[in-house]
Amino acid sequence: MLQIKDLKAGIEDNQILKGINLEVKAGEIHAIMGPNGSGKSTLSAIIAGNEDYEVEGGNITFNGKDLLELDPEERAHNGVFLSFQYPVEIPGISVSNFIKTSITEKRKAQGLEPIPTKDLLKMMREKMELLSIKQGYLSRNMNEGFSGGEKKRNEIFQMAMLEPKLAILDETDSGLDIDALRIVANGVNKLRSADNATVIITHYQRLLDYIVPDFVHVLYNGRIVKSGGAELAHELEEKGYDWVTKEEDKKWA
Amino acid sequence: MSEQKKQSEDELLEKVTSTEYKYGFTTDIESDTIPKGLSEDVVRIISAKKNEPEWMLEYRLKAYKSWLEMEEPNWANINYTKPNYQDVIYYSAPKQKPVLDSLDDLDPEMKKTFDKLGISIDEQKKLANVAVDIVMDSVSVATSFKDTLAEKGIIFCSISDAIKDHPELVKKYLGTVVPARDNFFSALNAAVFSDGSFCYIPKGIKCPMELSTYFRINEAGTGQFERTLLIADEGSQVSYLEGCTAPMRDENQLHAAVVELIAMDDADIKYSTVQNWYPGNAEGVGGVFNFVTKRGICHKNAKISWTQVETGSAVTWKYPSCILKGDNSIGEFFSVAVTNNRQQADTGTKMIHLGKNTKSTIIAKGISAGKSDGNYRGLVKISKGATNSRNFSQCDSLLMGDKCGSHTFPYIEVKNNSSKVEHEATTSKIGEDQIFYCNQRGIGTEAAIALIVNGYCKDVLNQLPMEFAVEAQKLLEISLEGSVG
Ligand SMILES: Nc1ncnc2c1ncn2[C@@H]1O[C@H](COP(=O)(O)OP(=O)(O)OP(=O)(O)O)[C@@H](O)[C@H]1O
Ligand SMILES: [Mg+2]
């Protein structure tokens, strides 16, 4: 589904990603871990099409398409979804209005008519239930005055509504309380299917207890320096990053 | 920002500048026009053409004499070539039956005009009980729902008819809120106003429908000087809508309207305006000059609420105001003012607190794009006797691109120490992070801007009656097509 080959990217003169290789297949769950500032959010921003970053080399294909050629909204229409580490406020626009616009635009791109409001509301109710979201939430303004955890839950709600092929969850777990973490993780598991894939960026094993990844990667200093199965996350939780990063530093010294 | 992104933003900004005015067309209706220029004789001709009583002619002549002694104001932060007042035609009336028994009798040409505007009367009729009094150029040409209103004793007619049929009311109130001598433009209007609307709501009556007027400027080079007089008697309630669009023109068109509102004890007036007159082309040529004096007076426990969405005109000079004379009276001003290309606007409000425990709220949202200039100018005056009064003002500006400007000029005068005035002001740009967030959810940049702008204006749009809010949203979208933050 997603192939990233030797991706090098940065901002102005600062190279942040120094050659990323990653392949994600349909049905898989990948976890990306790594110390602060290693480039995890940068990688997800580039996949989503944030033009603040300049791609200096390499390529990304998504279901056979050259992803880097597409506008961010076209990537979204093709099924790429990013749950932001820091969701943005859109003052004055209700959650329901925002999601309706989002779905309408996606359908328009696919040559489809807007979904009848009745059906849309029904779907919203189902997904709200799935994520234990309280009444009254739909009429709140997008992320305006939301608590950290509410913002994260709102991201997953949008994911549930948009049914993406590839979802990248950038530290969706940070800010969620213990119950919310379980609810959100259950939600993600329920939405899982053989034709979609999820990339989870996280610092903690806790989320991976609920959503068991097929692969775990360590991103350090702009490179994936180690990959393994679910057990790698346990190892990292136990030993920290030192044992991985030291080896890596030696290589480039 | 990457070079590529910058380039595409520049392209989009170019596109804004080249967005053509969508309502530029002229209706082919023969007009009955007098020669251009202003003199005592012209004032007499206007009055005679309208078969006015002597007192009205005297009122006009007095105003004309005051105007001769006055000077066009210079203090607003706008730049324009002052109109040559001798080059304006002061009267033009479409040749048409002045009163229609039914809307089916409407001239097909005119019907087409309304269809192009997307506000066909058929649609209007269906829409939530709207009574429409259309002012096309200078004379009302269609009136509806008169009977329903008449049953309640509500008078809703052209000001010319009111002068003939209800002289006692007009005589009593005309010029009491905006005296002819108030300013240069109000004096001009008082001398030459050709038509406009009159409305009277009797004591204790809640007007059962929104009263609506659509204004159009239709005759090449014709100045428009509407006069609106709205009286809400004790304990009555009314919501009044005014909307305007103008056909495309090459020379500047002058517009100097006067609106007077009178809210007697316990009365409630809501006055909403959507204005999208021709703003001129991308270079700023043509376009309407809009110099409007709007003012209302509130007696005891009365309330006046002005809501406006302004997207048009080349130059706008406009400050809908409230005089809070009665104790416990309330004044509100909700405004969205959009300027694009070379448009200039100096607009805002005045809240004059005279009575005790009076309250005012000002929510002004400016949006500037292209090379335009938007100014908010507001006065909050709390007099010595207006004890325990309150004002809350919030003035926000949203800038799109880096070639436009926005300024806020708040004037605050408080003459007693039991009153409280709060003023908040913000200036923002549409964030790239907001646009990217929308993009990531499949919403393209144009749609994202429309969405963000709508959200920004929500507090004001929410004040508009439903059918108007929809039109206002459409207008915002049209006038900001292609802009990027
Ligand atoms: N817009 C930007 N401008 C300047 N520097 C940036 C920008 N975005 C990222 N960087 C830098 O690139 C590096 C990687 O940042 P990134 O946000 O991708 O890290 P991360 O792995 O997501 O970290 P965290 O775990 O703290 O979220 C950091 O050194 C950061 O300062
Ligand atoms: Mg990050």
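Below, chain A is the first sequence line, B the second, and so on; all start at residue 1. Keep in mind that what you see is a predicted model, and the values were worked out from it rather than measured.
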Open item on the list: Heavy-atom cut-off 4.5 Å, strictly under: side chain, backbone, both or neither for Phe81(A) against chain B?
Closed with: both

Task: Under 4.5 Å from any heavy atom of chain A - which part of Cys457(B) - done: neither

Open item on the list: Has Gln434(B) got a side-chain atom pairing as donor or acceptor with Glu89(A)'s backbone, closer than 3.5 angstrom?
Closed with: yes

Task: Gap between atom CD1 of Ile443(B) and atom OG1 of Thr104(A) - 0.5 Å precision - done: 9.0 Å

Open item on the list: Surrounding NZ of Lys151(A) (heavy atoms of other residues, nucleotides or ligands, distance under 6.0 Å), is the total greater than 12?
Closed with: yes

Task: Heavy-atom pairs under 4.5 Å with chain B, option from Lys106(A), His77(A), Glu144(A), Gln158(A) with the top count - done: Gln158(A)

Task: Ile93(A) and Lys458(B), any side-chain heavy atoms less than 4.5 Å apart - done: no

Open item on the list: Taking side chain as everything from C-beta outward and backbone as N, CA, C, O, which of these in Ala109(A) sits under 4.5 Å from a heavy atom of chain B? Side chain, backbone, both or neither.
Closed with: neither

Open item on the list: If we check salt bridge (Lys or Arg N to Asp or Glu O under 4.0 Å) with Arg441(B), which of these qualifies: Glu73(A), Glu105(A), Glu155(A)?
Closed with: Glu155(A)

- [ ] Select one option (side chain, backbone, both, neither) describing which atoms of Asn141(A) are under 4.5 Å from chain B's heavy atoms.
- [x] side chain

Task: Whether Phe84(A) and Tyr437(B) hold their rings parallel, tilted or perpendicular, with breakpoints at 30° and 60° - done: tilted

Open item on the list: With chain B as the partner, which of Pro164(A), Ser102(A), Ala76(A) has the greatest number of non-hydrogen pairs under 4.5 Å?
Closed with: Ser102(A)

TODO: State, with a plain yes or no, whether a side-chain heavy atom of Phe436(B) is found less than 4.5 Å away from one of Asp52(A).
DONE: no

Open item on the list: For the CG atom of Asn97(A) and the CG atom of Leu451(B), what is their distance to the nearest 0.5 Å?
Closed with: 6.0 Å

Task: Which portion of Ile90(A) sits near chain B, non-hydrogen atoms under 4.5 angstrom - done: both

TODO: Give a yes or no on this: more than 12 heavy atoms of other residues, nucleotides or ligands lie within 6.0 Å of atom CD of Gln135(A).
DONE: no

TODO: Using a cut-off of 6.0 Å, state whether more than 12 heavy atoms not belonging to Lys18(A) lie near its atom NZ.
DONE: yes

Task: Separation between CG of Leu162(A) and CD of Gln440(B), rounded to the nearest 0.5 Å - done: 8.5 Å

Open item on the list: For Tyr456(B), which atoms come within 4.5 Å of any heavy atom of chain A: side chain, backbone, both, or neither?
Closed with: backbone

